[in-house]
Amino acid sequence: MSNNVDTYQYLALLRGINVGGNNIIRMTDLIACFEQMGFADVMTYIQSGNILFRADEQNRARLTAKIEGVLPATFHYDSRVVIITHKQLKSVVEGAPRQFGKDAAQYRYDVIFLKEPLTAKTAMKSVSVKDGVDRAYEGKSVCSISHAL
């Protein structure tokens, strides 16, 4: 990666790693893999497969293809990756449904980031909620769901 100040900050969400004893990947190995791909400032969040990094590449589709090509060869699992820009993440937070995330004692909150070409409108057709227990909201490239505890 160049020392260019025009790098872009991304969040990569890896699906299906370190869940239920399957696809176990150490975060130090994941960081090293991303650095070998030429990314900078690579950090992970817990053992979840959420990875922050910087890249010169501005095209998310190319980034996704690159990462989805390298991960299976390195870690031997069928990778699915959603790449989110800092701007997109900020937009999701700012556009969250009113009161979403405000009552953690009563509700569990989930935000599902969708992999293109899947749209929130299409995804919401598959979401079922229990009256008085769950609420689901369609956002831009996300579905937000709250569940009563």
Side-chain angles (χ1 to χ4, degrees), residues 1-20 22-75 77-127 129 134-147:
M1 186 163 143
S2 71
N3 291 327
N4 185 346
V5 294
D6 291 333
T7 60
Y8 303 92
Q9 187 174 19
Y10 295 100
L11 170 62
L13 304 173
L14 278 56
R15 182 171 183 254
I17 69 165
N18 298 340
V19 177
N22 296 310
N23 302 319
I24 302 301
I25 300 174
R26 292 185 2 204
M27 295 301 100
T28 53
D29 294 339
L30 192 57
I31 289 169
C33 178
F34 268 63
E35 288 172 342
Q36 289 171 357
M37 283 188 270
F39 304 134
D41 300 330
V42 181
M43 296 179 284
T44 59
Y45 176 72
I46 59 174
Q47 299 293 314
S48 64
N50 297 339
I51 307 157
L52 289 165
F53 66 99
R54 289 191 175 278
D56 291 336
E57 178 63 64
Q58 190 173 5
N59 184 298
R60 288 184 305 125
R62 282 196 291 262
L63 277 174
T64 301
K66 179 177 185 175
I67 295 166
E68 285 184 343
V70 170
L71 292 179
T74 305
F75 299 110
Y77 88 103
D78 185 23
S79 68
R80 295 287 183 259
V81 179
V82 174
I83 302 290
I84 302 162
T85 66
H86 181 267
K87 182 179 176 181
Q88 287 173 302
L89 185 57
K90 184 177 179 181
S91 175
V92 167
V93 171
E94 290 173 350
R98 193 166 203 262
Q99 299 301 316
F100 190 82
K102 305 284 189 215
D103 190 1
Q106 295 286 345
Y107 295 94
R108 186 180 93 211
Y109 299 95
D110 296 307
V111 177
I112 302 165
F113 289 86
L114 304 171
K115 184 170 176 64
E116 293 175 348
L118 182 61
T119 65
K121 183 178 257 347
T122 300
M124 288 297 287
K125 293 176 185 174
S126 300
V127 174
V129 295
D134 306 312
R135 293 186 189 134
Y137 309 90
E138 178 183 323
K140 185 177 180 187
S141 72
V142 298
C143 294
S144 302
I145 303 171
S146 62
H147 311 274

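Note that the structure is predicted; figures quoted are calculated from it, not measured.
- Closest approach of Ala136 and Val129 over heavy atoms only: CB-CG1, 3.8 Å.
- No side-chain heavy atom of Val70 sits under 4.5 Å from any side-chain heavy atom of Phe34.
- Only one option out of Arg60, Arg15, Lys115 pairs with Val82 in a side chain to side chain contact (heavy atoms under 4.5 Å, CB included); it is Lys115.
- Counting all heavy atoms, side chain and backbone alike, Leu71 lies closest to Cys33 at CD2-SG, 4.0 Å.
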Exercise for the section: May I have the step-by-step check of side-chain contact (heavy atoms from CB on, under 4.5 Å) for Gln36 and Val42, ending in yes or no? Expected result: CA-CA 11 Å; Gln36 289 171 357; Val42 181; over 6 Å; no

Handout entry: Candidate pair Leu89 and Phe113, rule side-chain contact (heavy atoms from CB on, under 4.5 Å), full reasoning
Key = CA-CA 10 Å; Leu89 185 57; Phe113 289 86; 3.8 Å; yes

Handout entry: Test side-chain contact (heavy atoms from CB on, under 4.5 Å) applied to Tyr109 and Ser144, step by step
Key = CA-CA 7 Å; Tyr109 299 95; Ser144 302; over 6 Å; no

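- Arg80 meets the salt bridge (Lys or Arg N to Asp or Glu O under 4.0 Å) test with Asp78; sequence neighbours excluded.
- Rounding to the nearest 0.5 angstrom, the gap separating the NZ atom in Lys121 from the NZ atom in Lys125 is 7.5 Å.
- Between atom OG of residue Ser141 and atom CD1 of residue Ile84 there is a gap of 7.5 Å, rounded to the nearest 0.5 Å.
- Ring pair Phe53/Phe39 is tilted by interplanar angle, where 30° to 60° counts as tilted.
- When all heavy atoms are compared, the tightest approach of Ile83 to Gln88 is O-OE1, 4.0 Å.
- Here Lys102 pairs with nothing under the salt bridge (Lys or Arg N to Asp or Glu O under 4.0 Å) rule; sequence neighbours left out.
- Glu57 and Lys66 are not joined by a salt bridge, as no carboxylate oxygen comes within less than 4.0 angstrom of a charged side-chain nitrogen.
- Side chain of Thr122 to backbone of Leu118: no donor-acceptor contact under 3.5 angstrom is found.
- The 12-atom threshold is not exceeded at CD of Glu116, counting heavy atoms of other residues, nucleotides or ligands nearer than 6.0 Å.
- Here the side chain of Asn23 pairs a donor or acceptor atom with the backbone of Gly16 at under 3.5 angstrom.
- Two residues are said to be in side-chain contact when any heavy atoms from C-beta on lie closer than 4.5 Å; Tyr45 and Leu11 fail this criterion.
- The heavy-atom pair separating Tyr10 from Asn59 by the smallest distance is OH-N, 4.4 Å.
- Contact record, Thr64 with Val81: CG2-O, 3.7 Å, taken as the closest heavy-atom pair.
- Separation of atoms OG1 (Thr85) and CG (Leu63) is listed at 11.0 Å; rounding is to 0.5 Å.
- Taking each heavy atom of Gly49 and Ile17 in turn, the nearest pair found is CA-CD1, 3.4 Å.
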Handout entry: Test log, rule side-chain contact (heavy atoms from CB on, under 4.5 Å), inputs Leu114 and Cys143
Key = CA-CA 8 Å; Leu114 304 171; Cys143 294; 4.1 Å; yes

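- To the nearest 0.5 Å, the span separating NZ on Lys87 from CD on Gln9 amounts to 14.5 Å.
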